[in-house]
Amino acid sequence: MTEWITANEAALRLGFFLGILLLLGIAEALLPRRQRLLTRLQRWTSNLGIVVINTVLLRLLFPAAAVGMALFAQSAGWGIFNTFEVPFWIAVLVSVLVLDFMIWLQHVMVHAVPALWRLHRVHHADLDFDVTTGLRFHPLEIILSMGIKFAVIAVLGPPVLAVILFEILLNATSMFNHSNLRLPLGLDRVLRLFVVTPDMHRVHHSVADDETNSNFGFNLPWWDRLFGTYKAQPREGHEGMTIGIDTFRDPRQCDGLKGMLLMPFVGKVTDYAINRRQWEKKP
């Protein structure tokens with residue numbers, strides 16, 4: 001089974017991506033959590049356009065991507081799990097957990113370092129919040145993220161199956177927790193014990209600094225609870241909160257492909273920092 005999954009990794013990832021994108025797109029159209037500011041055509045063409053750019057760029061720079069790095073580490077004997085013998089299922093489980101934690105740390109880092117926030121604010125500048133928001137990242141941030149994954153894989157030496165499962169899970173949960181989907185409150189309370197829900201992650205896309213600097217998880221919700229960055233609900237409620245960044249409100253810049261690609265190189269990053277978690281109402 002592992003050999004089959006590895007051999008069909010690209011097709012599996014594409015199938016899950018398209019299937020979940022379609023399913024969530026239909027679900028949030030039927031059960032929307034918030035009213036849209038812009039049309040799907042305005043935003044989806046740009047958000048999915050940057051996905052195409054990122055996919056082509058990664059295939060050119062890293063043809064085998066993270067799975068290829070895991071195969072190389074395995075053949076070279078690099079990493080903890082290629083050095084010490086442990087049961088396969090434990091190696092898979094621990095590898096997925098460690099990779100998820102490292103993505104959480106990376107997310108905190110791109111909020112904490114002003115130069116990296118320039119890249120990451122492309123993701124936050126979306127004026128609406130739906131399934132495609134979970135896919136829009138600047139190409140330079142995507143390259144940075146792949147470099148970090150390579151380093152973690154080299155040190156950890158995870159099984160190839162673990163890397164494939166993690167990549168599929170990360171992509172799927174990122175689309176799910178960014179979806180404009182109204183879940184029953186009782187279901188949301190239960191789900192967010194195990195996975196980041198749309199209501200949990202939407203708080204992170206608030207214009208308020210203290211809310212933006214909370215709920216960094218993409219997949220597992222536990223890291224925010226453990227490290228004190230968890231915030232249950234937005235102050236203004238999910239229908240009343242403002243999505244995006246205060247200093248970027250022009251739809252042509254925030255939700256146009258050209259504006260998104262140029263965003264890291266315009267404007268100032270003032271005093272935005274991870275420790276700005278004390279809310280002060282702006283005049």
Side-chain angles (χ1 to χ4, degrees), residues 9-22 24-25 28 36-69 103 106-107 109-111 113 115-151 163-164 166-180 201 205 218-219 243-245 248-267 269:
E9 175 255 342
L12 281 171
R13 289 185 61 185
L14 180 61
F16 273 103
F17 166 73
L18 293 176
I20 292 169
L21 177 63
L22 177 62
L24 288 173
E28 65 182 18
R36 293 178 178 275
L37 295 178
L38 306 175
T39 67
R40 284 188 181 83
L41 181 62
Q42 283 177 286
R43 294 177 52 259
W44 282 38
T45 50
S46 298
N47 288 355
L48 295 178
I50 207 166
V51 172
V52 173
I53 292 172
N54 289 338
T55 302
V56 172
L57 185 60
L58 284 180
R59 286 298 173 183
L60 288 174
L61 294 177
F62 313 106
V67 173
M69 184 62 188
I103 290 294
Q106 175 191 319
H107 196 179
M109 179 182 72
V110 296
H111 277 252
V113 180
L116 299 182
W117 170 247
R118 279 186 172 273
L119 303 178
H120 188 60
R121 67 187 182 182
V122 172
H123 175 66
H124 276 265
D126 198 345
L127 297 176
D128 277 317
F129 181 93
D130 72 7
V131 61
T132 64
T133 308
L135 304 170
R136 58 174 273 170
F137 295 91
H138 195 273
L140 293 178
E141 183 176 2
I142 290 293
I143 293 171
L144 171 68
S145 181
M146 186 59 70
I148 292 172
K149 282 181 189 174
F150 278 16
V163 175
I164 296 173
F166 173 73
E167 293 282 70
I168 291 174
L169 279 173
L170 182 65
N171 188 254
T173 53
S174 182
M175 286 191 285
F176 168 66
N177 62 49
H178 285 89
S179 62
N180 184 31
H201 192 69
H205 282 256
F218 274 104
N219 184 6
I243 298 291
I245 302 174
F248 292 92
R249 307 306 299 172
D250 183 350
R252 292 171 299 178
Q253 182 180 37
C254 297
D255 288 292
L257 186 56
K258 181 181 177 181
M260 290 159 59
L261 292 173
L262 293 177
M263 191 175 291
F265 312 106
V266 300
V269 179

remark   = For Q42 and T45 the tightest heavy-atom approach is O-OG1, 3.5 Å

request  = Can you establish whether the number of heavy atoms outside F16 located under 6.0 Å from its atom CZ is more than 12?
outcome  = no

request  = Would you indicate whether the side-chain heavy atoms of S145 and Q106 approach each other to under 4.5 Å?
outcome  = yes

request  = Return yes if some donor-acceptor pair links the side-chain N/O of N219 with the main-chain N/O of T173 below 3.5 Å, else return no.
outcome  = no

key: Closest heavy-atom pair and its distance - L38, D128   = N-OD2, 2.9 Å

request  = For the pair E28 and R36, find out whether any cationic side-chain nitrogen is under 4.0 Å from an anionic carboxylate oxygen.
outcome  = yes

inquiry  = Can you confirm whether L135 sits close enough to F17 that some side-chain heavy atom of one is under 4.5 Å from a side-chain heavy atom of the other?
reply    = yes

note = Nearest heavy-atom contact between L170 and K149 is CD2-NZ, 4.3 Å

query = Distance from L60 atom CG to T55 atom OG1, nearest 0.5 Å?
reply = 11.0 Å

inquiry  = Looking at every non-hydrogen atom in both residues, tell me the closest pair between R121 and F248 and how far apart they are.
reply    = CZ-CZ, 3.6 Å

key: Worked check of side chain to side chain contact (heavy atoms under 4.5 Å, CB included) between I243 and D126   = CA-CA 7 Å; I243 298 291; D126 198 345; 5.7 Å; no

ask   = For the residue pair L119 and H138, what are the closest heavy atoms and their distance?
value = O-CB, 3.9 Å

key: Side-chain (S179) to main-chain (F176) donor-acceptor, under 3.5 angstrom   = yes

ask   = Going from CD1 on I164 to CG on L169, what distance comes out if it is rounded to the nearest 0.5 angstrom?
value = 12.0 Å

message = Just so I know, are the side chains of H120 and F137 near enough to count as touching, which here means a heavy-atom distance under 4.5 Å?
response = yes

Aromatic ring pairing H123/H205, orientation class (parallel under 30°, perpendicular over 60°, tilted between) = perpendicular

query = Is there side-chain contact between R43 and T133, with at least one heavy-atom pair below 4.5 Å?
reply = yes

query = Should the pair W117 and H124 be assigned to parallel (<30°), tilted (30 to 60°) or perpendicular (>60°) ring geometry?
reply = tilted

Backbone N/O of P63 and side chain of R59: donor-acceptor pair under 3.5 Å = yes

Show me the donor-acceptor pairs, under 3.5 Å and distance only, between side chains in residues 257-264 and residues at least two apart or in other chains.
none

message = Main chain of I50, side chain of N54: is a donor-acceptor contact present, judged purely on distance under 3.5 Å?
response = yes

query = Any ion pair linking R136 and D255 (charged N to carboxylate O, less than 4.0 Å)?
reply = yes

message = Taking the side chain as everything from C-beta on, heavy atoms only, tell me whether F218 gets closer than 4.5 Å to I103.
response = yes

message = One pair to check against side chain to side chain contact (heavy atoms under 4.5 Å, CB included): R13 and N171. What are the steps and the verdict?
response = CA-CA 9 Å; R13 289 185 61 185; N171 188 254; 5.7 Å; no

remark   = When every non-hydrogen atom of N180 is compared with those of F129, the smallest separation belongs to CB-O, 3.3 Å

task = Please determine if D130 and R40 form a salt bridge, counting it only when a charged side-chain N lies under 4.0 Å from a carboxylate O.
result = no

